[in-house]
Every structure is written in structure tokens, then in C-alpha cells.
Amino acid sequence: MSENMLLRHRSVPNINRMDVYQADGGLTAFHKAVTSMQPVDVMNEVKTSGLRGRGGAGFPTGVKWSFIPNTIWPHYVVANADESEPGTFKDRELMESNPFQFLEGLMLAAYAVQANAAYIYLRGEFWQVAKILDQKIAELEHAGFLGDNLFSSTYSLRLYTHLGAGAYICGEESALLESLEGNLGQPRLRPPFPAVVGLYSKPTVINNVETLANVPLIIKNGAGWYRQFGTDKSPGLKIFSLSGRVNKPGNYELPLGTTFRQLIYEHGGGIIDDHPIKAIMSAGASSIIVPADDKALDCPMEYESTQQLLGAPLGSASVIILDDTVNMGWLVGKTTHFFKHESCGKCTPCREGTYWMDHIAHRLASGDGAPEDITLLKSVALQIQGKCLCPLGEFSTMAVVSGIDKFRADFEALVKRDTAV
Amino acid sequence: VNEILKKYPEEVQQILAKYPTAYRKSAVMPLLYLAQRNGNYITRQAIGDVADLTGLSLTDVDSVVGFYTLYHEEQEGRFRLQVCIDMPCALNGADAFLKSLCANVGIKVGETTPDGLFTIEEVTCLAGCHRAPMMQVQSELGIEYHENLTVESTMALMDDLRKQAQEEAK
């Protein structure tokens, strides 16, 4: 299958223009939904399609929507456009180049739960993207796709962008809501879940940008059509962000179930200078480091398989490739630096633990480490695990523990040496 | 006098209109960006103005400024060159790029050029991993991405920005 359905701008030039998007069948799904479908029909179609959240957790989208209670009003929908995981850059391309498909998906989600206002929370660095979206939203308002009493119905909808200001943690949905409410971006204790107590304490659906970009396709073509792509448990298409030591890094839209080998060698052009591949991180800096043996390379990239076969999450499918030029001790120093910087400071094990992990990892990478530092580093990581409110604490330990377990020799090599990498 | 309201009356109203009237505090982040338009940093006066507009306390606004990395309380370079040195970029030469850039410009990371125009900073992932080395340039007018960089192309960009600043000064 060569046609891009999410990265549609690669097949249809100027799809970022509203007239081109409409000429290619865009906005018919939203019109159809508002004029001839009950909200629950939209919800059920998405449920039947088997679409799973593309932000990382892989939770069934239609099921998430159905948790919104009809006894508490108003409802809100929030698009999570805080894409910040090292190795992930798919939502940015979608919003920059195929903005209307994402916006239509957001509008359909809002209709399905009868929200009259939806917010797009973008990471602050996406300043230019927010400008593009503001302009597209104004065009949709002007053309009567947003506003009051749409298509002479009783349904009204408005979309708003909101820029963050540089905090990875705001991609965690409860921290995102805190940030959007004007507070520090720190995660909330759950339950209650956002579906019941969300934005402004009202029922709120939060979906990733790519998840939403799938929705117009499902409503327009039907759940049955959608299920022909991907696998039974992970239907549909997925954008894989490929980076690291490959010849052709970039976004690749492929069916779920494609193997790592296909992604790296058929699409990504193989390893730089034909070096041997050493390891894979399947879900950005938050994933374990998986040795790239045949079992890993032939593993289908879908939510269950990577977890069962490799013990690694698929996450948002930000696949980072490591070759034999990479020392895993150095790499772990990069991940601990990231998480130390991004810990929100709420939970002590994460706030203090990421500091100490980074301190020890830096000591090792700069050639000042002692042999016992390797064990010490791992023990700090293990003391963080299971003790934090949100997954960031857990994520910060993944590369550390797996790196030491699978590539201890790399760390030992750092100790023996007396100069920095 | 609320300087922000006086200077940007329309923008303030547009921002406040995005959120339910009972939740004006949601406007704190966009209002802080507005405050930062004045020299790429936020003054004590501006913190008071934002508190006034949102109904938040000075301490609350101050906490928000301190929590997020894109708000600055100190006046540094007019253009902040924020280079990503996170793992995916570093796998493709970001560390070496930054080192070499600093050597060419003649300042260290965190420092500002003597003309007050450029500050070089290290930042974490910017979602440009496939186009490393890359950076964003933050100025009082917003943020722009620059990708697939070389030291030469970055020095050329800095020349352009310098000329632009000189034009504006005339």
C-alpha cells in the first residue's frame, strides 16, 4: 500500500488548503455526522473500527469516548499536541502539512461527546504550528464548519489553540489539564479520571493528534473499511517516526504489524555506512534498549507483539536505531539528562532519583566513574520504579536498567577509560 | 496602569475570550508570551499585570514563569539560539555541532555575544530528530525552527538576523 492516508500531503499536493481538502472528500464526514448521525453513532463507528490511541497508551478511542457521562455538563475535548518524547515528530508533520484532517477529527470527537468547545494544547515550541492552526480554524469558521447552529442544527462548536511553554510532563494528560487551567503542569492523582473530572472539573476527552487524524477516515469510509488495514488487535495505519543511526530518518506511514526490519531496511535505507545494528528503542527515550537480534528485527510493530515478544512498549512508535558506534553508557547519560530536566518535581523518588541517576551517569560518561557506580546507578533506578504518580518516573529508569542488564560491557568500558566519550 | 492591557488591548481580549469567564487564570500562559514581547523577558511589572488580568496571585504567576523553560526572567540575547542536544540529535552530531558553533561564535553555552544579540542555549527534544542538527530561535516575536544545520548555515543565519536588527535600529 503506497497511498498515504494520514500523511496525505505526500499524495495530494496542497491538501493544507481548505478547497483542496474539500475537493479530496474532506469535511464530508463532519457534515454527514452533524446532519445525519446521532452522536452515539459516531462513537460506535469509532469503537467498531478498533482505533487505538496513538499517543502511547494504545487505549481504544471509542471506548474512551463512551466513558463521558451524560449526567454532567458541559463536556470538553482536548487535543494533545504536546509531542515531546525524544524521537517523536509525527504530530508536527500532520499539523503542519495536513491540518484539516486533524481538525476534522477533533470536530468529530467533539460532536461524538457533544462538546461545544475543544482545545488544542500544543507544546510551546510549536509556535509556528499554532499560527497555521489558528488560520485554518478561522477559515473553517468563515465557511460555516465552526460556530453556532452548524448546518442549521442545534449543535455549536468552537476550537481554540493553547501554547504550552516547554515542559515534557504536559504531554501527560492530567498535567496537560493543569497547565491548561493556568496551574503548574504537574500530574493529578487519579481517580477521578479526566473522563469524569477533567478540564475545569468537567468530563473531558483527551486524544492525541494522530488518533484524531484517523477519525475522519473512519466516519467517511466506515469501520469495516478501516479494519482492512493493520492487525486484528491493532487495526489501521500508524506513523512511525524513525531516527538515530539510519540513512533515511523520517516519518513512515505503515500498517500496524510491519516489522522493525522492514521499517529500518526497506523504508529507512538501512544503517549509516552499513554499520551493524546494535539495538532498538521502540518508544523513544522512555523505552527499554532492545538488542537488535533477529527476534527483535522480525517482531511486528503492534501494541501486543512488542510488549509480549520484546517486553517493550510500542508507545507512540518513535523508533530510535542504535548501531555499533554507540556506547550504551553514553546513551543512558543522554536519557537521564533528559528526565532530570523534565521531572516536574512533584514526587520525591522521581525528582531526586533522576538527579542522582544523571549525576552518576555523567560521572561514568566523563571517565570519572568507579566500577561500583554501575551497580549504584541501577539501584537508584530500581528505587524509583513503582513509586511515582505518573509514568515519567518509571520511564526515566527504562533505558538505565535495560542498558546495564543487556550492555554492561559498554558501561565497564567507560570506567576503564580515563577520557570522556 | 496595566502596561500589557494598555499596549495590547485587542490581543488581551482575544486571549481572555478563549476561556470560560470563570476561568480567566487559563490565560496566564498566553498573557506571559504577550508580556515577553517586550525584549524577550518578563519584568516584575509584567508579572503584576498578568496577575491582575487573570486574578492569580503574584506568587502563582511567578511559579508559572519559573516552571516552564520558554519564559525568561533575565534579559539575555535578543535571539536565543536553542540547540537540541538530546539523544536522537546527538546520535547525528548535535554535540559536535554545538561545540563547533560556540567556538566559531566565541562564546560558551549559556553566554551572550557582546553585542547583546545572541545567546546560545542547550535544550531538550524539539521534535526535529530526523533533521539533526537543529535548533529553534526564540525572540520576542516567537519561535522559529531551523533544521539540517551546519555551522556555516547557522553563521549565515546569524548574519541575517544581525542585519535585520541593524535595519530595525535605523
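The sequence lines fix the lettering, A, B, ..., with proteins before strands; numbering per chain opens at 1.
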Inspect the contact between B:Lys25 and B:Asp60 and indicate whether a charged nitrogen and a carboxylate oxygen are less than 4.0 angstrom apart.
->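 Looking at B:Lys25 together with B:Asp60, the answer is no, because their closest N to O distance does not fall below 4.0 Å.
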Flag the pair B:Glu147 and A:Arg92 as a salt bridge only when some basic side-chain nitrogen lies within less than 4.0 angstrom of an acidic carboxylate oxygen.
->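 A:Arg92 and B:Glu147: salt-bridged.
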Heavy-atom pairs under 4.5 Å with chain A: which of [options] has the most?
| options | answer |
| --- | --- |
| B:Val123, B:Val61, B:Asp95 | B:Asp95 |
| B:Val64, B:Leu56, B:Asn92, B:Val28 | B:Asn92 |
| B:Ala22, B:Ser63, B:Ala132, B:Cys84 | B:Ser63 |

Taking atom CD of B:Glu168 as the centre, does the number of heavy atoms from other residues, nucleotides or ligands within less than 6.0 Å exceed 12?
->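 For B:Glu168, atom CD is crowded (more than 12 foreign heavy atoms under 6.0 Å).
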Crowded around A:His362 NE2? As in, over 12 foreign heavy atoms under 6.0 Å?
-> no
Side chain from CB out, backbone as N, CA, C, O: work out which of these in [X] comes under 4.5 Å of a heavy atom of chain B, or both, or neither.
| X | answer |
| --- | --- |
| A:Ile321 | backbone |
| A:Tyr160 | side chain |
| A:Ser84 | backbone |
| A:Asp91 | neither |
| A:Leu180 | both |
| A:Tyr119 | side chain |
| A:Phe339 | neither |
| A:Glu93 | neither |
| A:Thr161 | both |
| A:Cys170 | side chain |
| A:Ser179 | both |

Polar contact flag, side-chain donor to acceptor under 3.5 angstrom, B:Tyr19-A:His162 | yes
Among side-chain atoms of B:Asp160 and B:Gln164, is any donor-acceptor pair under 3.5 angstrom?
-> no
Does any backbone or side-chain atom of [X] lie under 4.5 Å from a heavy atom of chain A? Answer side chain, backbone, both or neither.
| X | value |
| --- | --- |
| B:Met87 | both |
| B:Tyr33 | side chain |
| B:Arg131 | side chain |

Passing option when B:Thr119 is tested against B:Glu76, B:Arg78, B:Gln138 for side-chain contact (heavy atoms from CB on, under 4.5 Å) | B:Glu76
Of A:Ser402, A:Ser282, A:Ser318, which meets side-chain contact (heavy atoms from CB on, under 4.5 Å) against A:Ser287?
-> A:Ser282
What distance separates B:Leu31 CG from B:Ile15 CD1, expressed to the nearest 0.5 Å?
->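 Atom-to-atom, B:Leu31:CG and B:Ile15:CD1 are 4.5 Å apart.
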Test: A:Arg123 cationic atom under 6.0 Å from A:Phe126 six-membered ring centre, within 45° of axis | yes
Pick from A:Gly345, A:Gly185, A:Ala285, A:Ser241 with the largest number of heavy-atom pairs that fall under 4.5 Å of chain B = A:Gly185
Looking only at A:Ala117, A:Gly284, A:Gly164, the option with the highest number of non-hydrogen pairs under 4.5 Å against chain B is A:Gly164
State whether the side chain of A:Asn80 and the backbone N or O of A:Gly171 hold a donor-acceptor pair below 3.5 Å, judged by distance alone.
-> yes
